[in-house]
Structure formats: structure tokens, C-alpha cells
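Some notes on the structure that comes next.
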Amino acid sequence: MKVNITETTDTCKKINWDDMLDSELLDTIPTNKELKGNNTILDKGLHNKNVIHENTGQKRKSKNTELKVKKVRSDSNEEIKQQVPTETCKQGNNKNNHFRKQKYTKAIKNWLSNLEPPTEDITDLDNIVNDSKSSVDIIQQNTHNSHKEKLVIEKTSKTNKKVVQAQLANKDGIMKFSKPQPNAEDTKNINEAVETKPKEKKVKKFVAPIKSQIPVKDITYELHTLDEDNLDDHREGLHEIINIEIIAVLIYSNGFCQLNSHHTDGTCTPDGIIVNSDDMFYCFKGAGQKIKEALKCLLENNTVICYGAQNILSYLKTHLQMDRINPKIYDAKIGASLLEPDNPPENFSDVQKLLSFSAQYTVATECTLQKAAWYMSLLKQCWAKLYAMLAEDNLWKVFVEIEMKLLPIIAGMECRGLCIDMSKLKSMEEVLLNRMKAVEQQCYKAAGKVFQINSAVQVRAILYDELQLDAKCNVRIRETLCKGAKSTSETMLRSLMNEHPLPKLIMEYRHLHKAHATFLAGIAQHIKDGVVRPTWVQTAAATGRIASNNPNLQAIPKAPFDCVMFPEAGDTDNSQLMFRSIYVSRPGFSLVAADFRHVECRVFAHAAADAGLLRALADHPDLFRALAQHWLKKPEAEIVPEERERTKRLVYASLYGAGTRKLMEILDVDYQQALQVAASFNSSAADLCKLAMILSEEQLRTSSPPVDAHLLLQIHDELVWEVNDLHVDRAAAIIKQAMEGCGQWCGMTVPLPVAISTGKDWGSMQTLEN
DNA sequence: TTAGTGACGCTACG
DNA sequence: CGTAGCGTCA
């Protein structure tokens with residue numbers, strides 16, 4: 001294995017990997033297809049892994065070959081798991097470990113004898129194998145944690161340590177070869193696989209596949225680099241570019257462009273923008289006045305096709321201060337993810353695969369700009385294909401009317417960012433940390449020892465093995481999804497909390513810890529100059545929703561946060577924290593939030609035409625309260641907020657899961673059709689929210705006199721603006737009107753009431769009547 | 001010995 | 001149901 005690794009790296013040096021497309025890379029790996037054929041789930045796994053490695057640049061090449069390896073290994077693990085039924089968690093784990101160890105050592109032997117003859121190593125290895133075996137046995141007798149196992153190995157074979165580590169490091173690769181054959185029927189296949197894989201290993205010093213697959217043409221694109229000085233020389237040519245489709249692609253400081261940006265890492269900054277019309281390529285660099293003007297003219301007078309429009313727009317905004325530019329822009333990335341929402345392409349080569357497009361030739365060049373130009377010509381061809389496919393699937397309208405109009409809005413949100421009140425953050429953190437320490441100590445006291453409260457494994461051991469709380473409470477503990485171990489989730493802890501103080505304390509600690517790690521410390525990482533700028537991802541969700549990350553501002557708790565969950569008699573410190581209140585408006589501005597009143601439910605009611613739900617929506621201002629009242633059979637006044645929240649969660653969960661079944665009943669259609677209806681309802685809810693953004697933004701822009709308002713957040717059915725203090729009332733009215741008009745635009749028969757509230761910080765918003 | 005990684009568990013939001 | 005994120009463990 002070691003040998004192989006070095007070989008790979010050596011080979012890597014010779015090949016110009018940067019020239020290679022991922023599709024080409026993948027095609028050269030023979031077992032890939034076989035594996036794909038074997039198991040579709042694995043196929044998906046492979047894809048994901050591939051995606052993950054996409055950004056790691058140089059690393060990727062060596063890993064690429066490992067992908068399959070890892071995949072196979074995980075597969076074998078699964079099979080092993082199936083073979084060894086887990087009983088109680090500890091024993092099961094040990095057994096499992098033991099089993100794996102045996103497999104592993106056996107594998108090493110087999111593998112070594114198959115390949116190189118490292119005589120020394122083999123003898124060493126035998127020792128190690130024996131040692132580890134015996135140590136495992138010892139462990140099994142002890143039935144204690146696995147740290148000892150490691151210790152034993154280290155002690156007995158100190159001199160062989162390096163060998164062991166080398167083997168351990170390669171264990172992934174080795175496991176693959178010794179993969180057991182659990183089913184007799186598969187034996188043949190596996191034999192084949194075993195045969196092909198080592199073969200492939202040796203073949204691994206493959207020649208650059210790009211050369212064998214795609215002809216290289218010696219083409220030089222006509223490319224001009226424009227800066228402030230030589231712009232005038234090309235002014236005539238630029239002026240002729242009007243009313244046609246142009247391609248625009250960002251070029252980064254390391255020479256790569258958006259279309260092969262998987263070679264870039266986070267440190268790369270946009271360095272310029274290449275524009276292509278017909279056969280001419282212009283590369284605009286710098287931020288001079290003339291450049292700005294020329295670029296602006298170019299972008300506004302033509303239809304712009306690009307890949308990753310958000311990056312381009314934010315480049316224009318931040319580097320060139322072109323704020324209110326609103327070109328007619330088509331983004332191939334988003335178009336492609338519309339075509340396949342369940343599995344959106346992650347990079348340009350994915351898009352090509354999706355369109356079953358393959359480059360006819362590549363260019364022989366070391367010049368990065370020429371390379372970028374070649375990529376752009378590919379993009380141009382892809383776009384033609386994409387356009388046809390979008391039109392064919394009736395997605396063109398959605399693409400143009402919704403997704404593309406959303407682009408500038410989202411770019412605006414990203415640039416603006418949200419102001420943070422640091423002092424508030426600090427003080428909250430202090431309160432939280434103090435409380436956490438106290439709870440932590442109480443936990444140790446209650447458990448009788450020190451343990452890691454965050455570790456589900458340790459908590460499980462204490463709760464169920466030592467204290468045997470499940471037996472005492474006579475509760476059946478739900479099992480976790482993957483390993484089937486006893487769950488320590490909140491609902492389970494709740495059912496145990498009367499028996500022992502520990503569950504309560506654990507719940508509270510988790511609560512506090514999560515809050516601190518995610519909503520204070522987690523947010524703090526992303527603050528720059530008192531502003532936090534999340535990334536908004538349009539293409540992430542299969543449901544068509546927009547997702548936010550770094551940080552995820554959509555998940556900031558809405559409800560006030562109790563520092564003390566179970567206030568005791570003597571406890572006076574029942575301070576509450578509002579995590580949303582650390583987000584404040586800029587001086588001279590106010591925050592304005594507009595909230596659809598349970599859109600999801602309304603859209604569902606509309607889609608299913610459920611009379612009862614429609615009536616409930618019409619009669620009750622607060623649907624969840626009404627539902628809670630109905631289900632719990634309590635008078636409405638007695639519903640406490642907690643119950644309401646739980647009802648809400650239940651409704652959301654069942655809306656998607658059980659929603660399909662209900663639709664099936666109501667509409668009297670079969671499962672497939674119901675699924676379709678449900679999907680369409682899902683996406684229409686998401687589209688409704690997007691539409692709300694577009695329409696209200698449009699109204700605000702076009703209103704006269706102009707309103708100084710900036711969209712900051714989209715939390716699915718809530719929109720948050722930052723509005724100049726002087727314009728608040730007017731903006732609120734415009735927003736409300738625009739949003740309530742969305743329903744009609746979509747043909748909804750159910751009214752969509754919108755609640756508007758304003759305030760200086762996001763935590764304390766006052767509802768605005770009228 | 002350590003840093004990186006993928007799998008898993010839990011829980012915020014809607 | 002499906003986003004994101006944090007933490008542990010091997």
C-alpha cells in the first residue's frame with residue numbers, strides 16, 4: 001500500500017491534473033461502474049464523497065482512488081454488522097471490534113503475501129497479530145473500554161509501532177481485499193471484484209486519461225486583458241456588443257476560474273472577470289473608473305450567461321461598487337439544479353454530466369486565461385443544451401420569473417449582512433457559562449462521578465447500565481436509528497426524569513451547551529467588524545427552499561431561552577435570554593419583519609381542499625393553538641405556549657410525512673399521485689416565499705418616493721428588512737400589500753394574512769397594527 | 001503522538 | 001420531512 005501511495009503521488013506530479021475534468025477522471029476508473037452497478041445506495045455515497053473532496057484541491061488526486069476503497073470498506077462493515085447481531089451495546093461493540101480486528105489482521109497477512117515480500121514486516125506482523133488478538137481476548141474478559149486495547153498493543157510491540165501504524169493507516173485499503181463473502185450467490189461477483197481491484201491497483205500509474213479520451217487541439221482564443229490603460233484601444237469593439245448573449249465568468253487570484261474552481265480554496269479572491277461575446281474574450285481587471293463603466297455597459301445591454309451568478313454579483317458589488325446593477329442574467333448552475341432538484345450538481349463538471357455533455361477537445365495551453373476561455377466555450381454549449389431542457393420540462397418560467405429574479409436580492413442580502421451587538425453577546429455568554437458550570441457540577445454529583453455529558457455513549461452507560469433507570473421506570477427506551485442502541489434523546493430523558501435527578505440535569509446541560517456553542521460562540525466565529533454575513537444557498541434544498549449557512553441564521557431560537565429549565569422553590573434566578581436580540585439594526589434604521597401566518601398549512605389546505613382545515617384557518621387567528629385545543633381537548637385559554645410549540649412541531653412533521661397519506665385519502669388517488677401532489681405542494685410553498693421576496697422587493701424599489709430598505713434575512717416564511725427610520729410605516733404597508741398579493745399571483749384561494757412587526761433588535765419586535 | 005475524517009447522535013429552525 | 005450545526009468516537 002505504501003508503495004502504491006508513493007507511486008500515485010509520483011504519477012501525480014507528472015500529470016497536469018488541473019487540466020482534467022472530473023468526469024474524465026471518473027471515467028478512467030474501471031471499478032467505478034461496477035460498483036455503481038452493485039448498489040445504488042453506495043452509488044450515492046460515492047457521489048457525495050466525490051463532492052466533498054471537490055474542494056480539497058491537491059489532495060483530491062490521491063484521494064480519488066481511495067474513494068472506491070472507502071466505499072467498499074463501509075460496505076463490508078455493514079455486512080459485518082449484519083452478521084454480528086448487536087445485543088447490549090457494550091458487548092456488541094466489543095464483539096464487533098473483535099470481529100473487525102480479526103478480519104483486519106487476516107487481511108494484512110493476505111495482502112502482504114500477495115504483493116511485496118517485506119520479510120521483516122511479515123514476522124513483525126505476526127507478532128502484532130498475535131498480540132492484538134490476545135489483547136482483544138483480555139479485553140473481552142474485562143469488558144471494559146477500548147482504550148486498554150490500544151495500551152496493550154503499544155506496550156507489547158513498541159518497536160513495531162511504526163509498522164503497526166503504517167498498517168493501520170492502510171487498513172482502509174486492505175480491508176477491501178479481504179472483504180468477506182457473506183452470500184453464496186455473490187461469491188462470483190466478489191471474486192471478480194477481488195480480481196479486478198488489485199489489477200487496478202497496479203494499473204494505478206495510469207497515464208493522463210485526458211489524452212486518451214479527448215483530443216487536444218492547438219487553439220488559441222483571442223483574448224484581451226483590459227485594464228485602465230488599454231481599455232480605450234478596445235472601446236470600439238466593446239461598443240458593438242449589444243443585445244446578444246455574453247458569457248461572464250470570474251477569474252480568481254490563483255488563476256482558476258469559476259468553472260474549475262474546485263481547485264481553489266477559501267483563500268482565493270476574485271481577481272477579474274472574463275466576458276465572452278462571439279469569438280472575442282475580454283478579461284477585465286482592476287477597479288478603475290473606465291473599467292467599471294465599460295463593464296456596466298456591457299452587462300446591462302446584453303443577456304449574461306454565467307455559472308455561479310451570486311459570486312459575480314457580489315464581486316461587482318464589493319470590488320467595483322456597482323450596487324444597483326441589475327442585468328438580465330441566466331445562471332447555468334441554478335438551471336441545472338432545477339433539472340435535478342434531488343441531486344443538485346455541485347460543480348461545473350457535474351453540470352456537464354447532468355446534461356450528458358462532453359467536451360469535444362481540450363486545449364493545449366499552460367495559460368490559465370486560455371484555459372478559462374476554453375471552459376467558457378464549454379459553458380456556452382452547455383447553456384444551449386440546458387435551455388432546451390428547461391423549456392422542455394416547463395421549468396423555463398420558474399427559472400426566469402423566480403430563480404433569476406432572486407439572484408440580485410440574495411446577493412444584496414449577502415453583501416449587507418446583519419449587525420451584531422457584541423456587548424449583549426458577551427453578557428449573555430457570561431450568564432450562560434456560569435449556569436453551565438453549576439449544572440455540570442450538579443451532574444457529576446448526581447451521577448457520582450465525572451463523565452462527559454456531551455457524549456451519548458457515556459450518558460447511555462450511566463443511565464441504563466449503571467443506574468438502570470429504564471428498568472426502574474418501566475419505560476421502553478426507543479432505539480437509535482443506526483446502531484440500535486438505547487436513545488438518550490430529550491423525549492427519553494423526559495420519561496425518566498421523575499426517577500432520578502440526573503436526566504433533568506443532563507437535559508439542562510445539553511440545552512445550555514447547545515445554546516452556547518451554536519448561538520453564541522458559533523455565531524461569534526463569523527462576526528467580522530460587528531457584522532455577520534451568512535451565505536444563502538439557493539440550490540441546496542431538494543424542496544426548493546433557500547438555506548443559510550456560515551452561520552445558519554434560520555435556526556436561531558425564536559422563543560425566549562430559559563437559563564433554568566426546572567426552577568426550584570429557592571431558585572430566584574429565572575433569567576431569560578433572547579438569542580435573537582443580539583441582532584440589531586444599524587443606527588438610523590429599524591428592523592421590519594413580515595411573517596406569513598402558517599403558509600405551509602394554508603398551502604396544504606389549499607392543495608388538499610380540506611374543508612375542516614380551511615375553516616380552522618378562517619376562524620382562528622392562531623391555528624396551532626386551535627389545533628392543540630382540539631387534540632388535547634382543553635379549553636383554548638388553558639393551552640400553554642409549550643403545548644402550542646409542540647403542536648406546531650407535530651404539524652410540521654406530519655405535514656410532510658403523513659401529509660402524503662392524507663392527500664391520498666382526501667383526493668382518492670394512488671400513492672404515486674399523492675406523492676406528486678405533495679411534492680408540488682412542497683415546492684409551491686417554497687416558491688411562494690421566494691415570490692414574496694421578489695414582489696416586495698420590486699414594490700419597494702419602484703415606489704416613489706424611494707424607500708431606503710434592505711432585505712437581510714429569509715427564514716422560510718418570515719422576511720426581515722432593515723428600513724430607514726423615516727420610512728418604516730410606508731415600507732411596512734408596501735411589504736404587507738405585496739406579500740398578501742402573492743397568494744393571488746399563485747392562484748391561491750386561501751387568504752394569506754401577513755403579520756408585520758418592527759423593532760430595533762430582532763429579539764424585541766413590536767407588532768405593527770394596520 | 002497528533003490532525004483530519006466520516007459516521008453517528010442530538011436538536012435548533014421551518 | 002429536510003435544512004444547518006455542534007459534539008464524540010474510531
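All values below come from the heavy atoms of this structure, side chains included, with hydrogens, waters and symmetry mates left out. Treat the numbers as computed from the prediction; the structure is a model and nothing was measured. In what follows, chains are A, B, ... by sequence order, proteins preceding strands, each numbered from 1.
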Between A:C746 and A:L691, is any pair of side-chain heavy atoms under 4.5 Å apart? yes

With the side chain counted from C-beta on, respond yes when A:E740 and A:L752 share a heavy-atom pair under 4.5 Å apart, and no when they do not. no

Nearest-Å distance for atom pair [atom1]/[atom2], residues [X] and [N]:
X      : N      : atom1 : atom2 : value
A:L553 : C:dA4  : CG    : P     : 13 Å
A:F451 : C:dC9  : CZ    : C1'   : 17 Å
A:I453 : C:dC6  : CD1   : C1'   : 15 Å
A:K486 : B:dG9  : NZ    : P     : 15 Å
A:R602 : B:dG14 : CZ    : P     : 16 Å
A:M492 : B:dC10 : CE    : P     : 10 Å
A:R510 : C:dG7  : CZ    : P     : 14 Å
A:L577 : B:dA12 : CG    : C1'   : 15 Å

What orientation do A:Y583 and A:W762 show, parallel under 30°, tilted 30 to 60°, or perpendicular over 60°? perpendicular

Return the orientation label for the A:Y652 and A:F624 ring planes: parallel under 30°, perpendicular over 60°, tilted otherwise. tilted

Between A:Q538 (side chain only) and A:E403 (backbone N and O only), is there a donor and an acceptor less than 3.5 Å apart? yes

Residue [X], side-chain heavy atoms: nucleotide from [options] that is nearest:
X      : options                : result
A:S487 : B:dG14, B:dC10, C:dT8  : B:dC10
A:V457 : C:dG2, C:dT8, C:dC9    : C:dC9
A:Y652 : B:dG9, B:dG14, B:dC13  : B:dG14
A:E490 : C:dT3, C:dC9, B:dT11   : B:dT11
A:Q458 : C:dG7, B:dA12, C:dC9   : C:dC9
A:N549 : C:dA4, C:dC6, C:dT8    : C:dA4
A:K514 : B:dG9, B:dA12, C:dC9   : B:dA12
A:S489 : B:dT11, B:dA12, B:dG14 : B:dT11
A:D717 : B:dC13, B:dG14, B:dC8  : B:dG14
A:A540 : C:dC6, C:dA4, B:dC13   : C:dA4

So does A:R545 reach the base of B:dG14 with its side chain, donor to acceptor, closer than 3.5 Å? yes

Within the pair [X] and [N], is there a side-chain N or O less than 4.0 Å away from OP1 or OP2?
X      : N      : value
A:N454 : C:dC9  : no
A:Q525 : C:dG5  : no
A:S548 : C:dT3  : no
A:Q554 : C:dG5  : no
A:T480 : B:dG9  : yes
A:H513 : B:dT11 : no

Checking all strands, does [X] fall into the base, sugar-phosphate, or nothing category for heavy-atom contacts under 4.0 angstrom?
X      : result
A:A515 : nothing
A:Q452 : sugar-phosphate
A:I556 : sugar-phosphate

Flag if over 12 foreign heavy atoms under 6.0 Å of CZ, A:R533: yes

Pairing donors with acceptors under 3.5 angstrom, does anything connect the side chains of A:T480 and A:R460? no

